[in-house]
2 protein chains.
Amino acid sequence: METLRERKRQRTRDALVRAALELFTTRGYEGTTVDDIAEAVDVSQRTFFRYFAGKEQAALAVHEMTVEHFLGAVRERPPHEAPMEALRQAVLEGWDTLNEVVESVVPLELFLRMFRVIESTPVLLAAHLRRSTEIEDTLARILAEREGLDVDADPRPRVLVAVFGGVMRLTERQWYADGDAGLDAMRALTVSYLEQVGPVLTGAWRTP
Amino acid sequence: METLRERKRQRTRDALVRAALELFTTRGYEGTTVDDIAEAVDVSQRTFFRYFAGKEQAALAVHEMTVEHFLGAVRERPPHEAPMEALRQAVLEGWDTLNEVVESVVPLELFLRMFRVIESTPVLLAAHLRRSTEIEDTLARILAEREGLDVDADPRPRVLVAVFGGVMRLTERQWYADGDAGLDAMRALTVSYLEQVGPVLTGAWRTP
DNA sequence: GAGGCTAGTGACAGCCACTGACAATTGACA
DNA sequence: TGTCAATTGTCAGTGGCTGTCACTAGCCTC
């Protein structure tokens, strides 16, 4: 962020994200046109598309920042932790420090509202899920390297990450279904669901 | 499929699906316009949209039939089976009998080619994944009823299905990555990944 | 500090997915 | 056979997205 040019560019991009999220969370995603967003920031529609590959990308831009944050947390977990525990700690750390990451662009509250728009807008949810599978691939590679395994020869990293990813998406979905829950509720759900994975596989449900 | 009207309608729909899949698998999804498909069947573009809510839906139409087939198989599993085992048997049964389901509309080989187009086309993959989460919700309800549980009070059905779903999506992804594998390879991957879920969670990877 | 270079932008034209409205046609059924 | 309902084609329009081209503004060199 040195030159004036780069600063201006960053400011335009942030302004577009803010305007987009503000509009999406009030008028809805489909109810907002790209022209609306561009007009709110006073740039041309063409310029919007020079910053984002599509309307979706603008909607998911802040989310993407939190993903990078989470991946960083995973990479910095101590090597002695078991793989699943490393993932668990990294997500929890992610929720706990989400505030700082998000607030550099938009208020946390706007981010949470946008989260719900994503969950409730089919095309956004779809894009979010697709991105999640890409993240799973990255995660599998990180874990494989951690454990000194070849991710293409040993299926275990991918299987573990698949299980973890499945539970994370369940967490998001249920957090959304819960209504207007906050980050603390998200954290609690994460803990709760992850600790059920083991027991649930035994299958002796009728005799608790 | 009684009246002439219903038969004609079904024939038009099947023709659209066949034409769509044929074009998608040769020219690619993005490289095919709705007009192309409509023209191939000699109907207007407007008519296409009376049969499908969008280009995506036509691309996923055959897949949707296999989903219904799978859900039926789950519902008919004997009640004494443990939940995860019921899911496991139902998927395997699904792969084994896929042929009969698919061939009523398109050749199996075309379906498999289309499967690869879905996996490699971002917007289609996204739509497919979103549909998968809806299926998971249905599955959780089926399992809950099976076990006499309240799906909203007891998280276990959803957690189990989330794990299962995660592994299934991994299966699809790896099957695609394998290149030009057939249904038997898909079946083998399913078995292999599911039996690794238990061991993988213990986390003692470095001492096999 | 003048002039050239390049990134960023606006304006315009055009493609394609998708929708609403209306008129024409065709099968169903009394 | 005539009426009703379902199906279809045509047309017009919206919105996401892209290519092109000329213009401006920050950057860098001499």
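With respect to the salt-bridge test (charged N to carboxylate O, under 4.0 angstrom), the residues R158(B) and D137(B) qualify.
Per the geometry, CD belonging to Q45(B) stands 14 Å off P belonging to dG20(C), to the nearest Å. Q57(B) has its CD atom 14 Å from the C1' atom of dA17(C), to the nearest Å. Between the C1' atom of dC27(D) and the CZ atom of R5(A) lies a distance of 6 Å, rounded to the nearest Å. dG9(D) atom P lies 13 Å from atom CD of E39(B), rounded to whole Å. Separating the CD1 atom of I37(A) from the P atom of dG15(D) is a distance of 13 Å, rounded to the nearest angstrom. The distance from atom CD of E6(A) to atom P of dA25(D) is 20 Å, rounded to the nearest whole Å. Rounded to an integer number of Å, the gap from CG of D35(B) to P of dA17(C) is 7 Å. Remark: C1' of dC16(C) and CD of E30(B) are 11 Å apart, rounded to the nearest angstrom.
Under the 6.0 Å distance and 45° angle rule, R9(A) counts as a cation-pi partner of Y51(A).
With rounding to the nearest 0.5 Å, the separation of CD in E172(A) from CZ in R116(A) is 12.5 Å. The distance from the NE2 atom of H63(A) to the CG atom of L21(A) is 10.5 Å, given to the nearest 0.5 Å. We find the OG1-CZ distance between T121(B) and F24(B) to be 9.0 Å, quoted to the nearest 0.5 Å.
Considering only side-chain atoms of K8(B), the nucleotide from dG27(C), dG16(D), dA7(C) that sits closest is dG27(C). Which of dT9(C), dT19(C), dT8(D) sits closest to the side chain of T12(B) comes down to dT8(D). For T33(A), counting side-chain heavy atoms from C-beta on, the closest listed nucleotide (dG19(D), dG16(D), dT9(C)) is dG16(D).
Contact annotation: R46(A) does not reach the phosphate of dT20(D) (side-chain N/O to OP1 or OP2, under 4.0 Å). Side-chain N/O atoms of T47(A) include one lying less than 4.0 angstrom from OP1 or OP2 on dG10(C). At least one side-chain nitrogen or oxygen of Y51(A) sits closer than 4.0 Å to the OP1 or OP2 atom of dT9(C). Note on K55(A): every side-chain N or O is 4.0 Å or more away from OP1 and OP2 of dG15(D).
Closest-nucleotide positions on DNA chain D for R50(A) and T32(A) were compared, and the one nearer the 5' end corresponds to T32(A).
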